[in-house]
Amino acid sequence: MKKKRSFISQVIVRAVILFGLINILTSFVPWLPVMMNMTFYNSIVPGRERFPFGETPTLSYNLSTDNLDLMFSSHEISAKKKDKSSYRVIVLGDSSVWGTLQEPEQTYSAQLEKALLSKEISFDREIEVFNLGYPTHSVLKDLLILQYAKQYEPDLILWFITLESLIDVNQLNASLMGGNEDLVRELIAKYDINIDFHEKEGPALIIENSLIGKRRDVAEWLKLQLYGIMWAATGIDQYYPKVFSLAERDMEPNTSYLTYSDQLQQNMLSIDVLEAGLKIADNAPIVFINEPILVTDGDNSEIRYNVNYPRQFYDQYRHLIKDLSKLRGWNYLDLWNLIQPEEFTNTAFHITPAAVKTLVHEMVNPIEQLMSNRELVEYEPDFNMVQILPDVNMDSSPYPTQSQTDSVKETQVNITSTPPNLSSIDYNHSPSYACNDPSEWYNMPVIPDYVSKEMIDIYQQGIRAGNHPDVLSIIGDCQSIPKVFLGPFEDKDKYNLGDYTYLQQLIDTFSGSWGEHGMARLGGLSIAGVLSSSKADKNICEKGETPLACELRLRRPSIVLVSLEEWWGARPVSVYENYLRQVIDTIINSGAVPILATKADDLEGGNQINQTIVKIACEYQIPLWNFYSAVQPLTSHGLWTDGFHLTVGDFDFRNPDSLDRGRTIRNLTALQSIDFVWRVLTNKPLQSGNN
Amino acid sequence: MRLEVILLLVLTALLLRLLSKTKSYEFLLAFINVFILYYLQPVTSVRYLNFWLPSINIGLVIVSWLVITPREHRCSAKTIYFFIFSCILIQIFSLIRYTSWNVFVNLASPSFRVILFSLILFSSFFLFMVTRRDQKSASDFFFISLFILFTIVFVTQKSHYFNQILIKILRNFMGQSINTITSNDIQWFGLSYILFRLLHTLLDWKNGRFVTTTLPEYFNYVLFFPTLSAGPIDKLGRFNKDYKEFMINSKKQDDLLIGGKRIVLGIFKKFVIADNLALIAMNSTNVCLVKSTTWLWMLLYGYTFQLFFDFAGYSDIAIGIGKVLGIDVPENFDKPYLKQNLTLFWNSWHMTLTKWVQSYIFNPLSRKLRLSCPSLNPRLGLIIGQVVTMVFIGLWHGISTNFIIWGLWHAVGLFVSHQLTSFFRKSNFVHHTRGAERFLKIIGTFLTFNYVALGWVWFVFSDTLLSARTMLKLFGWN
């Protein structure tokens with residue numbers, strides 16, 4: 001009995017007392033932050049490139065935690081204190097920023113850092129871009145992270161937002177909120193944020209902060225350290241399923257959004273959270289970026305952009321944010337429809353790595369300017385940048401009414417199945433009369449009907465010098481990437497020429513060129529970019545070589561199609577003209593024949609770009625493909641409601657519905673234009689019956 | 001095994017300890033052993049198998065006892081009562097499916113009639129075996145039959161090929177589709193360790209070393225619940241000694257303390273150390289993802305220590321629970337990674353298995369070789385013995401190329417280690433140079449540890465090519 005008592009008193013009782021003491025002590029001493037900051041990361045193993053988040057820990061070597069100390073201590077941002085020589089950019093947002101289905105080096109932040117570094121901008125500080133995105137839509141969650149991130153002294157904050165993250169009912173949905181209730185309450189109180197967060201029920205229990213109360217945090221801390229070893233060993237921090245469901249393209253005929261069925265009002269958006277963010281950021285500028293969303297063409301796409309957003313609500317949201325940005329002088333970039341539908345993955349927000357590059361291309365110039373705090377010749381020194389889109393009539397349906405269409409001056413468009421007879425070419429035939437009267441530019445034929453003798457001479461000299469008669473280069477932006485422009489003509493199963501079978505000879509001759517990505521055929525590429533060595537692929541092109549020069553050197557094309565539509569509205573068109581002349585000169589000097597193309601949109605107003613293109617075509621006597629005229633008869637002139645992208649169509653030229661779509665007509669008329677020019681250059685007239 | 005299951009076993013042991021003085025303690029322990037056997041049997045996709053497999057275990061135990069026990073000890077009232085008790089237990093457990101207890105035990109059992117018929121059949125066989133005369137030829141026949149049966153059972157469990165054949169047969173018999181076969185269709189809880197104990201008693205009996213026991217004693221020895229899932233492998237004589245003493249004498253006061261300490265230590269090793277090391281232990285997924293040789297070594301060491309702490313943890317728990325029940329279950333590990341040669345390693349890693357194979361494979365084989373081939377070079381005899389023994393151990397883990405290679409790896413290692421040890425033992429340099437012995441110990445420990453760790457590369461993967469590639473990658477060849 002004595003021994004039994006001795007065992008109970010010596011062991012069990014002491015153990016219980018010791019355990020109790022430890023818990024009481026830890027309840028009063030702030031031990032948890034200290035422990036969370038004791039980490040293998042940024043010492044034994046490298047810091048993570050994004051916050052820990054893992055729904056399948058054993059496969060992703062990652063786990064989700066609510067503890068902000070733990071999240072940040074494992075992140076590379078806490079590797080070292082910021083010094084004066086570094087320029088820190090932090091990127092906030094949801095899972096699209098965090099990088100669902102993207103490897104760490106493929107995320108917005110990683111690609112942006114790469115792009116900024118590769119621009120070789122004259123910048124006296126080392127640029128670092130940190131991914132502080134975290135899955136779930138909530139700007140309040142972003143604010144919580146921003147508040148914590150302030151200690152890392154960011155110089156620039158890029159804050160990706162969308163309607164889902166701003167809508168008031170979503171603010172408290174993130175699990176991060178529940179795990180940091182006190183901090184959330186503090187933020188709400190301090191910045192007077194209009195969010196109804198429940199009051200804490202009763203005083204905190206002592207045990208909540210004790211070892212036993214925080215056992216979950218301790219377990220997460222331990223696991224995350226061990227997963228850090230796997231992160232270092234494999235570079236894996238996310239599970240990438242081999243197969244996943246694509247975001248829904250077909251939608252229900254439903255115009256409501258969440259619990260709302262009426263108009264979107266400003267008070268439904270947590271704008272005060274954004275304002276709180278501006279206060280927290282203090283001197284560091286914030287750029288709000290409206291993130292790309294999936295714009296589908298499936299069932300009920302006329303009333304919904306995707307499963308998340310009915311058109312009406314989303315358009316109202318954009319309108320509101322745009323107006324607010326102007327009014328309050330916010331830096332704001334609207335990239336909502338930048339990415340093509342095919343580039344979205346499992347949700348209406350997640351995009352492919354290739355699309356990330358497109359996105360970054362779009363962002364990098366304005367961000368570079370903001371970072372440099374300098375004026376560029378072609379840019380107005382205004383750091384309150386607002387990219388203004390054309391005023392879209394929010395009340396209209398996606399397609400204009402018949403009267404609206406009729407009110408547009410229409411050109412007599414003649415897209416025929418057969419080109420003009422080439423059996424006799426009159427080289428003395430003068431170019432189109434429109435060259436003499438700039439105001440008649442839109443009356444230029446859609447398909448060129450004239451190739452000057454100068455161009456034929458240039459072509460023949462180029463062939464003698466080694467240019468390939470069966471290689472065509474395309475210089476263009478997102479409207480010209482192979483997937484949407486000419487690429488499908490590499491595969492007979494992907495197109496049908498219908499009545500235009502004569503184009504098969506052309507297609508066969510230039511096989512390999514249609515799908516070739518090339519050095520200067522890239523989403524986001526502008527006319528300035530084509531002439532900038534920083535845009536060239538450094539792995540392929542020579543040092544200092546521009547994308548255009550690289551393309552011409554590597555591929556030695558005999559014909560070059562030039563379709564560059566992107567331009568900043570704020571820059572004068574004369575600058576565009578200068579760049580275009582440089583492009584044409586470069587092409588002609590290489591012995592290739594350029595074909596210029598007008599564009600369908602008029603974002604700059606007054607069709608100034610198109611007029612410039614026509615002016616250059618006339619001056620140099622270059623063949624012109626007047627695409628603008630081709631789309632005028634089409635529904636909504638072949639354009640999306642953004643006024644820039646073309647309506648989506650396939651490559652079936654038998655289908656009357658497709659022939660009413662901007663993309664289809666673009667492909668058809670491009671082929672016809674190239675075909676005419678090629679036949680004249682190579683003296684390959686169509687035989688009768690070649691139809 | 002989950003923590004809550006272990007805590008349940010501990011509570012069960014404590015309860016049994018409280019009731020150890022009761023007259024029916026043997027039957028009570030038997031009931032608990034059978035309950036645990038059914039409780040821990042995983043559910044299988046072959047119909048009713050999770051009932052039949054534990055039932056077959058019980059049948060094998062009873063049949064083995066009947067084979068090895070002389071008639072005068074077989075024909076006793078206790079034997080008959082215990083047998084009836086076992087049948088009633090089986091029937092009770094089969095009826096659980098009709099009660100809400102089924103949630104607890106999760107047993108899918110055949111119909112009452114089928115079980116009753118089987119029990120009647122088995123009882124007939126039991127009666128025959130109890131009353132049969134002890135004839136050498138009959139005994140030999142039963143011994144060989146059992147041996148063959150154990151071998152068949154073992155091979156169908158450990159060999160993927162034969163396992164699939166058996167599953168097809170069973171599925172066909174049960175009218176189930178063979179298109180949905182998986183490799184996990186048959187998971188036989190406790191089989192390996194039950195077979196070891198049965199074989200040990202059979203072989204000892206064959207060699208005339210067997211000490212007669214009662215059926216309850218034998219039953220409780222073979223199916224002793226703390227050691228069913230992961231050993232250690234005890235010997236009948238040693239077990240019975242503690243078992244009888246526990247029932248007769250007063251309980252030792254420090255049993256609880258010692259047992260409790262071992263259980264806590266085992267839980268810590270298994271659930272804190274091993275389960276966390278599992279996050280960074282080498283496996284067939286992460287081995288293909290690792291970027292560099294250094295990290296691959298880290299993963300290998302992670303696996304090396306995870307395996308040890310997992311196994312040692314379970315052994316500590318088994319020893320602790322055994323202690324609570326008054327049984328001094330033998331130790332299984334003695335700091336194996338700190339041993340300076342492979343022989344010492346195998347004398348301190350899964351010691352009960354090593355002793356078992358030494359007693360029943362290595363020693364008899366070596367003896368046989370010496371007697372039948374006196375001119376055989378002793379070194380050759382040694383290596384043959386070591387190869388056979390280690391390959392057997394490998395095959396016991398699974399009948400596959402990798403386990404054979406793993407066995408050979410250790411066989412070769414043991415032979416080389418033995419030769420080196422003999423060499424250094426005779427070396428004057430070692431004896432007369434200060435510090436040489438200590439230096440050799442350190443080097444030996446380092447080399448032994450890494451040799452064993454590298455051996456785990458064959459153990460952890462089922463794909464030989466993957467193991468070979470990993471081995472090359474560990475030495476910088478990608």
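A note on names: the letters A, B, ... follow the listed sequences, proteins ahead of strands, and every chain is numbered from 1.
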_Given heavy-atom pairs under 4.5 angstrom as the criterion, report whether the side chain, backbone, both or neither of B:L296 touches chain A._
neither
*So which of B:L277, B:I280, B:T285 has the largest heavy-atom pair count under 4.5 angstrom toward chain A?*
B:I280
*Can you measure from OH (A:Y148) to OG (A:S78) and round to the nearest 0.5 angstrom?*
8.0 Å
*Using the ring of each side chain (for Trp, its six-membered ring), is B:W456 parallel, tilted or perpendicular to B:F459, with breaks at 30° and 60°?*
perpendicular
*asked:* Taking salt bridge (charged side-chain N to carboxylate O under 4.0 Å, His left out) as the cut-off, I'd like each qualifying pair that reaches into residues 29-55 of chain A, sequence neighbours left out, listed once.
replied: A:R50-A:D237
_Proximal component of A:I236, with respect to chain B [non-hydrogen, under 4.5 Å]_ = side chain
_Can you pull out every salt bridge (charged side-chain N to carboxylate O under 4.0 Å, His left out) where at least one residue sits in residues 256-278 of chain B? Sequence neighbours excluded, please._
B:R262-B:D316, B:R262-B:E331, B:K269-B:D316, B:K270-B:D275, B:K270-B:D310
*Region of A:A232 that comes under 4.5 Å of a non-hydrogen atom in chain B*: both
